[in-house]
J.: 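The structure's right below; bear with me while I get my questions together.
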Amino acid sequence: MPTHGPVILVGNHANQFVDAMNLIGATKRPISFLIAKKSYDRRYIGDVAKAIGAVPVIRPQDVAFVGQGKILSVEVDEESGTAKVVGDSDCKFTQIDLKRGAKIRGEAWEGELYVKADPTSDNELVVAKPPEPINIKEGGCTYKVLPKVDQKKVFEEVINVLSKNGVIGIFPEGGSHDQGHLLPLKAGVTFMALGAASQGTPVKIVPCGLTYLNAHKFRSMAVVQYGDPFECPGRLVEMYKRGNGEDKAACGELLEMITTRLKEVTVNTPDYKTNKILQTVRRMYQPDHIKQLSGVEFMAYSKKFTIGFEKQQNTPQIQSLLKEVESYMSDLASHNLKDKTLKLIFRVQMTYGSSGLLIWGYVLTHLAIVLVSLPLSVPGIILNLPIAYLSRSRALKQQAVALANSKVKVGAYDVVASEMVKWAGVFMPAFYLLYVACAAAAAAALVEDGHPKGVRMLEWLAPLGLAVLLPVFSYYSVRLADVWYFSLVKARAVALRGRGETPRLLERRKALQSKVRRYVEIHMREKTFKGAYARGEDVELDRE
């Protein structure tokens, strides 16, 4: 990350408002983020956005509206490379905000149709040729209009920030999502970069990948990875200056460059399900004695397996292996077990061998940790339980709303963490003030005028001390809760390793793990798990 000069920080958008918070924490420079006007005008989130100097952007999807009438057909003209949208007699294309540059979204097709020309008829519209033929059922389909939004003022504000050597943060996917891969990037970032460069501002573009292990959970590990900074090529800047269509061509080329660079710092899989399968493959290949990878190692090897999958996904060998892994994962889920639990059992057995005494010593050690840390964390858990409950319930409600209003979200998990953080920021001070008020009331009721001066001081010392110590106490209570919870999970897993379906699943994992490692060694030229990383070599996979 450049320490000075104008920078456009380009990130993937996997976790709504948490993404910006992580970039602010990881980047040692003030960032002016582009934020949806819809979010900018919200309570709490909008207040924070204004405080950090965010730039509001009106997105077409935020001002979308349901069009009148229904669309009957989309007729493709191969010769012109366009298509004609035909509506019924109730359509009013010429009377609504449906000009060139707008988009229409229908229930009968995926994505959006770009309007190529201003409508000259109320029920006919020229749009860009769709990537796939569109078949609309008899009776037609409803549609939404995403009007063209003039972003001239936004571009001017962005260029003004860059001209003062500032940093602009942007998530060009257009909105957060929980897909396993990048969505197509919006071209706005290229107009900003080339616009600034054409005015003599030496702006650098820095791709930034954000990867979460469990994006919707508190205290999940997050990895922030910066790519190499680069400037807009001079050739593209000159094309942008000339205009007459060359500016759009320059933006298209730059967008491809940004997409390529952003993919280099993110993990991309076709879908959420494939991502889960590949993470299980990665975990099986990882030696059982390694407790946990660092963030950099996790990214490096996650990318190794996703790149390998992309290169070999159509081969019978990889398809057969992934189907077997998927079947194994379903088997685990049906018995309420996780692969990481079996991995823990493998690691303990490898460490202590067949010595039952040592293994039970491991179990008893973790139970002792539970007995010590649990009582210490209980008061903090009780105090913070209503905050956690209310924050989570609000987050789940917003998750349902976001899922219903989106076509790209899988489970709207990207919304959950952001909403929990937001509402915790609202409920936490409110409840802490309540606790302090209760302490003050209790002190006032218990302390009498006849008490010594030192005792009477408790009337104000008790609430003041609670106000100061409560945040610290709550923090360490959460940390202690982590300690006893994970110790309890480990103790239970190892203690029950010989019961139910666990022995069978352990054997199945062992056999499948051998297949995974053999496949990687043969087809991906990787002999030792940490070998290439330890030597500082490139983590790119080769296919034989």
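Heavy-atom basis, side chains included; hydrogens, waters and symmetry copies ignored. Starting from 1, each residue takes its place in the sequence as its number.
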J.: Which residues pass the salt bridge (Lys or Arg N to Asp or Glu O under 4.0 Å) test with Glu112, sequence neighbours left out?
T.: Lys103, Arg105
J.: Who passes salt bridge (Lys or Arg N to Asp or Glu O under 4.0 Å) against Lys273, sequence neighbours left out?
T.: Glu326
J.: Treating Thr201 as the side-chain partner and Ala197 as the backbone partner, does any N or O pair qualify as donor plus acceptor under 3.5 Å?
T.: no
J.: Between Arg42 and Glu419, is the salt bridge (charged side-chain N to carboxylate O under 4.0 Å, His left out) condition met? List the steps.
T.: CA-CA 12 Å; Arg42 290 171 64 179; Glu419 290 296 319; 3.2 Å; yes
J.: Any side-chain heavy atom of Pro30 within less than 4.5 Å of one from Val167?
T.: no
J.: Salt bridge (Lys or Arg N to Asp or Glu O under 4.0 Å): which pairs involve residues 430-439, sequence neighbours left out?
T.: none
J.: Distance only, no hydrogens: is a donor on one side chain within 3.5 Å (strictly under) of an acceptor on the other, for Arg282 and Gln286?
T.: yes
J.: Tell me whether Glu110 at atom CD has more than 12 heavy atoms from other residues, nucleotides or ligands lying less than 6.0 Å away.
T.: no
J.: Are Lys37 and Val57 side-chain neighbours, meaning at least one heavy-atom pair lies under 4.5 Å?
T.: no
J.: Do other residues, nucleotides or ligands put more than 12 heavy atoms under 6.0 Å from the CG atom of Asp118?
T.: yes
J.: Which atom names give the shortest non-hydrogen contact between Val281 and Val325, and what distance separates them?
T.: CG2-CG2, 4.0 Å
J.: Check whether any side-chain heavy atom of Ile52 sits under 4.5 Å from a side-chain heavy atom of Ser32, and report yes or no.
T.: no
J.: Between Gly195 and Ile159, which heavy-atom pair has the shortest distance, and what is it?
T.: C-CD1, 3.9 Å
J.: Using only atom types and a distance under 3.5 Å, with no angle test, would you say the side chain of Ser391 pairs donor to acceptor with the backbone of Ala424?
T.: yes
J.: Is it true that atom NZ of Lys340 has more than 12 heavy atoms of other residues, nucleotides or ligands lying nearer than 6.0 Å?
T.: no
J.: Does CZ belonging to Phe230 count more than 12 external heavy atoms closer than 6.0 Å?
T.: yes
J.: Are Ile35 and Tyr40 packed together at the side-chain level, in the sense that at least one heavy-atom pair is separated by less than 4.5 angstrom?
T.: yes
J.: List the atom of Thr190, the atom of Ile258, and the distance in Å for their closest heavy-atom pair.
T.: CG2-CD1, 4.2 Å
J.: Which residue pairs pass the salt bridge (Lys or Arg N to Asp or Glu O under 4.0 Å) test when at least one of the two sits in residues 184-199, sequence neighbours left out?
T.: none
J.: Val416 vs Gln398, test: side-chain contact (heavy atoms from CB on, under 4.5 Å). Steps then yes/no.
T.: CA-CA 8 Å; Val416 177; Gln398 189 60 35; over 6 Å; no
J.: Heavy-atom distance under 4.5 Å between the side chains of Asp247 and Leu194, does that happen here?
T.: no
J.: Of all the heavy-atom pairs spanning Met21 and Val421, show the shortest one and how long it is.
T.: CE-CG1, 3.8 Å
J.: I'd like to know if the side chain of Glu246 and the backbone of Tyr240 have a donor-acceptor N/O pair within less than 3.5 Å.
T.: no
J.: Tell me whether the count of non-hydrogen atoms from other residues, nucleotides or ligands lying under 6.0 Å of CD1 in Ile381 goes above 12.
T.: yes
J.: Just wondering, more than 12 heavy atoms not from Asp47 lying within 6.0 Å of its CG?
T.: yes
J.: Any side-chain heavy atom of Arg59 within less than 4.5 Å of one from Leu146?
T.: no
J.: Can you find a side-chain donor-acceptor pair between Thr27 and Tyr226 that sits under 3.5 Å?
T.: yes
J.: Given side chains that start at C-beta, do those of Phe171 and Leu34 come closer than 4.5 Å, heavy atoms only?
T.: no
J.: Between Gln151 and Ile58, which heavy-atom pair has the shortest distance, and what is it?
T.: NE2-O, 2.6 Å
J.: Ignoring hydrogens and angles, state whether a donor on the side chain of Asn384 or Tyr389 is under 3.5 Å from an acceptor on the partner side chain.
T.: no
J.: Among residues two or more places apart or on two chains, list those pairs meeting salt bridge (Lys or Arg N to Asp or Glu O under 4.0 Å) that have a residue in residues 201-210.
T.: Lys204-Glu231
J.: Near Glu132 CD, under 6.0 Å, is it more than 12 heavy atoms from other residues, nucleotides or ligands?
T.: no
J.: Begin with the C-alpha distance, continue with both residues' side-chain angles, and end with the deciding distance and a verdict on side-chain contact (heavy atoms from CB on, under 4.5 Å) for Leu488 and Ile369.
T.: CA-CA 9 Å; Leu488 184 62; Ile369 292 172; over 6 Å; no
J.: Run the side-chain contact (heavy atoms from CB on, under 4.5 Å) check on Leu390 and Phe431 step by step: do they pass?
T.: CA-CA 11 Å; Leu390 290 172; Phe431 273 90; 3.7 Å; yes
J.: Looking at Arg29 and Pro2, would you say the former's side chain and the latter's main chain have a donor-acceptor pair under 3.5 Å?
T.: yes
J.: List the residues meeting side chain to side chain contact (heavy atoms under 4.5 Å, CB included) with Val265, not counting sequence neighbours, and say none if there are none.
T.: Pro207, Gln225, Leu262
J.: Indicate yes or no: at least one non-hydrogen side-chain atom of Pro6 is less than 4.5 angstrom from one of Ser163.
T.: no
J.: What is the minimum heavy-atom distance between Asp97 and Val145, and which atoms define it?
T.: O-CG1, 3.5 Å
J.: Would you tell me whether Ser474 and Tyr432 have side-chain atoms, one donor and one acceptor, within less than 3.5 Å of each other?
T.: yes
J.: Mark yes when over 12 heavy atoms from residues, nucleotides or ligands other than Lys153 sit less than 6.0 Å from its NZ; otherwise mark no.
T.: no
J.: Decide yes or no on side-chain contact (heavy atoms from CB on, under 4.5 Å) for Tyr212 and Asp19, but give the supporting numbers first.
T.: CA-CA 10 Å; Tyr212 301 87; Asp19 289 337; 2.5 Å; yes
